[in-house]
Amino acid sequence: MMLGDVLQEFVERCNANPRLTAMNRDWTRDVAILATDTGEIFWIQSAEGQLSAGAGAKSGADLEIRADGDVLAAIFSGQMAPTEPYNQGDLLVHGSQDDLLRLDVITLMIWGE
Amino acid sequence: MIQLNGAPVQVERLGTDGSLQRAMELLRSLDGKVDAIGLGGIDRWLVVDGERFAIADAEKLVAAVTKTPVLDGTGLKAVWEPRVIDALLSRRIIDPADPVLMVSALDRFGIADAFYRLGFPTVAGDLIFTAHLDYPILSRAELVRLGKHLLPEMVKRPFSELYPIGAEQDVLSDERYRRYFDAARIIAGDFHLIRRYWPDQLADKVIITNTTTAADVEAVRARSAKWLITTTPEIDGRSFGTNVMEAAVVAVSGVTPDHPEWAKTVEDIDIGFGAVWLRP
């Protein structure tokens with residue numbers, strides 16, 4: 001599945017989970033996602049408990065995530081915990097650790113192990 | 001000096017104000033000179049459903065010690081603390097209908113497991129109180145799933161990112177998660193976390209924790225709580241951490257938590273627990 005499709009399914013599944021929308025109700029963020037090998041850029045926006053996603057750049061992102069496209073797809077499809085490539089240096093994050101953990105929890109809750 | 005099983009144990013508390021480097025030097029200086037070392041302020045392991053995750057910072061500390069057993073309380077948390085819950089139930093201090101808030105359960109899986117096993121409606125607040133993710137964990141299965149997913153990588157990070165240490169422990173009091181305290185009758189877990197987030201009223205609630213001082217008892221009393229239960233006994237006005245009592249048990253018995261006789265040893269020594277009735 002292409003990274004854009006993965007992100008779209010990620011936000012749809014998150015928005016369909018009432019406990020996750022409750023968790024995110026006060027989480028207002030713009031997240032930039034950059035695939036370092038292909039140069040693709042995507043965004044995820046969180047506002048009032050709902051996520052949305054799209055292609056392209058958004059200025060002033062609160063959280064910026066950079067990795068190879070297959071790593072990003074693996075993370076957002078729940079096949080890999082983001083902390084694993086983060087600790088190995090394969091995932092670069094500009095922003096807060098708590099935001100990264102939140103994305104990890106979301107992927108776990110919507111995809112399971 | 002405390003007494004365990006009729007044997008005197010000299011206990012000395014030495015702090016390093018959150019400095020891992022100073023802690024390492026201190027541990028090295030004590031190695032081979034004391035019967036057991038209780039590692040406080042940091043866990044050596046987190047244990048979830050029988051699976052043990054070593055905390056990297058603690059491993060670095062312990063590497064400095066080659067002769068003396070180093071204990072972090074994990075063995076007492078697994079074996080002794082669930083027995084305290086059973087005892088409170090049999091004394092009718094708590095009831096399985098009581099809603100429970102465990103401010104953190106991954107560092108006290110034994111108690112959380114006991115609450116879930118006995119049918120208490122239990123919220124584990126690990127994500128809420130340690131990561132500010134407002135996601136209450138509502139079942140044992142969910143706790144195990146989250147723990148086994150998150151801990152393998154999280155334990156590699158600096159311990160200060162996982163838990164307040166040193167002066168951070170004195171930060172008071174953030175009420176943003178008050179509703180979880182209000183909804184519970186039993187508040188259980190690490191006292192530093194409880195104190196950091198508790199509201200000004202805990203009327204008729206039961207607090208189950210340890211590592212409390214006389215001043216902490218008064219702070220709990222001022223919030224109108226009904227019971228303060230400490231999973232280790234009160235000695236000279238304070239309840240020691242599980243690491244201290246575990247080290248004391250090892251010092252008098254010579255049996256360490258990885259020994260097959262550990263559970264029986266703890267049961268035989270019966271360290272007791274503290275129960276302060278604060279108001280009728």
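Note that the structure is predicted; figures quoted are calculated from it, not measured.
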**Asked** B/L127 and A/R102: side-chain contact (heavy atoms from CB on, under 4.5 Å), yes or no, with the steps?
**Response** CA-CA 9 Å; B/L127 293 175; A/R102 182 183 297 262; over 6 Å; no
TODO: Would you please test B/R145 and A/M109 for side-chain contact (heavy atoms from CB on, under 4.5 Å) and show each step?
DONE: CA-CA 9 Å; B/R145 187 158 67 120; A/M109 290 305 151; 3.7 Å; yes
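Between A/E84 and B/K156 there is no salt bridge, since no side-chain N of the basic residue sits under 4.0 Å from a carboxylate O of the acidic one.
Of the inter-residue distances, the one linking A/L101 atom CG with B/E153 atom CD reads 12.5 Å to the nearest 0.5 angstrom.
The contact list for residues 131-140 of chain B toward chain A, using heavy atoms and a distance under 4.5 Å, reads B/A131, B/H132, B/L133, B/D134, B/Y135, B/P136, B/I137, B/L138 by residue number.
Around CZ of A/F10, the count of heavy atoms belonging to other residues, nucleotides or ligands within 6.0 Å exceeds 12. By the neighbour-count criterion of 12 heavy atoms within 6.0 Å, atom CD of A/Q88 is densely surrounded, having more than that number from other residues, nucleotides or ligands.
Minimum interatomic distance between B/H149 and A/D104 (heavy atoms only, all atoms of both residues): NE2-OD1, 2.8 Å.
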